[in-house]
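A quick note: this is a predicted structure, and the numbers were derived from the prediction, not measured.
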Amino acid sequence: MDPAEDAVIAAEGLRVEADGRALLDGVELRVPAGRMLGLVGPNGAGKTTLLHTIAGLRRPAGGRVTVEGRAAHDLRPRELARVIAHVPQETALAFPFTAYEVTLMGRHPRLGRFALEGPADHRAAERAMAATGTAHLAGRDVTTLSGGERQLVLLAKALAQDTPVLLADEPVSALDLRHQLGVLRLLRDRADAGRTVLVVLHDLNLAARYCTELALLAGGRLVATGAPAHVLTPAHLDGAYGIRAMVRPDDLTGSLTVTALENP
Ligand SMILES: Nc1ncnc2c1ncn2[C@@H]1O[C@H](COP(=O)(O)OP(=O)(O)OP(=O)(O)O)[C@@H](O)[C@H]1O
């Protein structure tokens with residue numbers, strides 16, 4: 001991440017606390033447009049907390065985080081939703097809307113007060129469902145969908161929102177292999193088209209393969225940021241996860257693969 005480039009997402013000395021404990025401390029991050037940043041790190045490292053803070057759901061206790069130059073928690077929710085789409089880690093859906101209605105809700109921040117969706121909104125929803133392979137679920141009650149189907153519909157909703165910034169918290173955690181690759185390709189294509197994507201991933205091999213850069217978080221602090229080859233080193237992985245790991249380029253994809261070894 002070149003500090004000279006304009007950052008769409010920027011964190012400076014970011015500190016977030018809960019119950020007097022630091023969940024994030026001294027986080028420095030700059031993500032320019034056109035990048036797909038993979039946020040990786042062990043359970044409880046602070047990945048979701050960082051995503052929530054960028055999305056304005058948490059207020060920093062120190063430092064600052066900005067999106068397109070403005071602090072997310074200072075923006076009104078509708079304003080914010082025109083800039084950031086957020087795919088949450090939790091995919092539970094309480095109300096029996098259809099998958100199409102849920103996807104179309106992604107358009108609501110763009111509508112005027114009391115305005116109804118127009119043809120452009122319906123087209124955006126249909127495109128998002130086609131892109132996520134969920135068109136066949138359009139008429140289904142979302143409370144009856146499988147975990148993976150729900151995850152894809154929530155991604156469709158975020159895509160329909162059509163924002164310059166997309167935050168996705170473990171968006172492939174419930175997906176089969178084909179859908180994992182499809183979703184990560186979709187996110188990478190959006191980044192390559194000039195949007196900014198921040199994605200939390202546990203699978204380091206997929207992270208190395210699809211992300212333009214990685215940020216490795218542990219204990220609320222950034223261990224390393226930059227190109228996958230800079231971040232995914234045995235020393236960093238030992239420091240963050242406490243594992244011994246081999247890191248090699250994959251013969252077929254050329255991207256790095258991490259093989260974690262059991263402790264002797
Ligand atoms: N509201 C809260 N009050 C107290 N502690 C919290 C709160 N929210 C999160 N934490 C703690 O902050 C730490 C970071 O949580 P976070 O959800 O950001 O981790 P994560 O890296 O996303 O983890 P995972 O990979 O398990 O999803 C955890 O130890 C969690 O227990």
Side-chain angles (χ1 to χ4, degrees), residues 1-2 5-10 29-41 47-48 50-51 54-55 67-68 83-89 91 103 106 124-125 127-135 148-149 151-217 224-232 247-258:
M1 280 158 272
D2 182 349
E5 277 183 273
D6 277 349
V8 174
I9 300 172
L29 200 62
R30 297 179 65 79
V31 193
R35 305 297 174 86
M36 174 158 157
L37 177 84
L39 202 51
V40 296
K47 303 179 295 296
T48 296
L50 179 55
L51 230 61
I54 294 167
V67 178
E68 293 193 329
V83 181
I84 300 178
H86 175 215
V87 185
Q89 187 174 14
T91 65
T103 305
R127 264 201 313 272
M129 294 199 95
T132 51
T134 53
E149 289 169 341
Q151 195 161 46
L152 290 167
V153 169
L154 287 176
L155 177 64
K157 177 185 175 210
L159 295 179
Q161 213 172 316
D162 196 17
T163 51
V165 176
L166 178 66
L167 310 177
D169 201 342
E170 297 188 38
V172 299
S173 59
L175 302 184
D176 64 55
L177 279 178
R178 187 173 69 85
H179 282 107
Q180 287 180 23
L181 301 188
V183 164
L184 291 171
R185 169 49 53 202
L186 189 67
L187 297 180
R188 176 61 190 263
D189 285 348
R190 283 177 86 79
D192 289 345
R195 316 252 181 153
T196 307
V197 178
L198 213 141
V199 59
V200 175
L201 292 169
H202 274 299
D203 187 323
L204 299 178
N205 297 326
L206 289 177
R209 185 164 158 193
Y210 286 97
C211 296
T212 56
E213 42 245 303
L214 301 179
L216 174 58
L217 203 58
T225 57
H230 171 73
V231 173
L232 297 180
V247 183
R248 292 162 298 171
D250 183 86
D251 288 345
L252 286 176
T253 64
S255 59
L256 289 180
T257 56
V258 174

Is any side-chain heavy atom of [X] closer than 4.5 Å to a side-chain heavy atom of [Y]?
X	Y	result
Leu201	Leu39	no
Thr103	Thr132	no
Val165	Leu167	yes
Val8	Pro164	no
Thr225	Leu29	yes
Lys157	Met129	no
His179	Val172	no
Val40	Leu204	yes

My understanding is that only residues two or more places apart in sequence, or in another chain, count here; which of them pass salt bridge (charged side-chain N to carboxylate O under 4.0 Å, His left out) with [X]?
X	answer
Arg188	Asp192
Arg195	Asp162
Asp189	Arg185

Would you indicate whether Asp251, at its atom CG, is surrounded by more than 12 heavy atoms from other residues, nucleotides or ligands within a distance under 6.0 Å?
-> no

Pair Asp169-Thr48, side-chain donor/acceptor within less than 3.5 Å | yes

Cut-off 3.5 Å, side chains only: do Glu149 and Thr134 have a donor facing an acceptor?
->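 Side-chain D/A pair, Glu149 to Thr134: absent.
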
Taking all non-hydrogen atoms of both residues, which atom of [X] and which atom of [Y] are closest, and how far apart?
X	Y	result
Val199	Met36	CG1-CE, 4.0 Å
Ala158	Ala85	O-CB, 3.6 Å
Cys211	Pro228	O-CG, 4.0 Å

Just by modelled atom types, is the Pro32 backbone N or O under 3.5 Å from a matching donor or acceptor in the Asp6 side chain?
->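 No, the answer is negative, given that no donor and acceptor are paired below the 3.5 Å cut-off.
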
Under 3.5 Å donor-acceptor, Glu213 side chain and Val31 backbone | no

Side chain to side chain contact (heavy atoms under 4.5 Å, CB included), paired with Leu166, selected from Leu159, Leu198, Thr196 = Leu159

Are Leu186 and Leu155 close enough, and set up right, to give a side-chain contact (heavy atoms from CB on, under 4.5 Å), and what steps lead you there?
-> CA-CA 10 Å; Leu186 189 67; Leu155 177 64; 4.2 Å; yes

Intermediate values then yes/no, side-chain contact (heavy atoms from CB on, under 4.5 Å), Leu51 and Gln89 | CA-CA 10 Å; Leu51 230 61; Gln89 187 174 14; over 6 Å; no

Could you check His202 against Ser173 for side-chain contact (heavy atoms from CB on, under 4.5 Å), going step by step and ending with a plain yes or no?
-> CA-CA 8 Å; His202 274 299; Ser173 59; over 6 Å; no

Before giving the answer on side-chain contact (heavy atoms from CB on, under 4.5 Å), spell out for Val197 and Leu37 the whole-Å C-alpha distance, their side-chain angles and the decisive distance to 0.1 Å.
-> CA-CA 6 Å; Val197 178; Leu37 177 84; over 6 Å; no

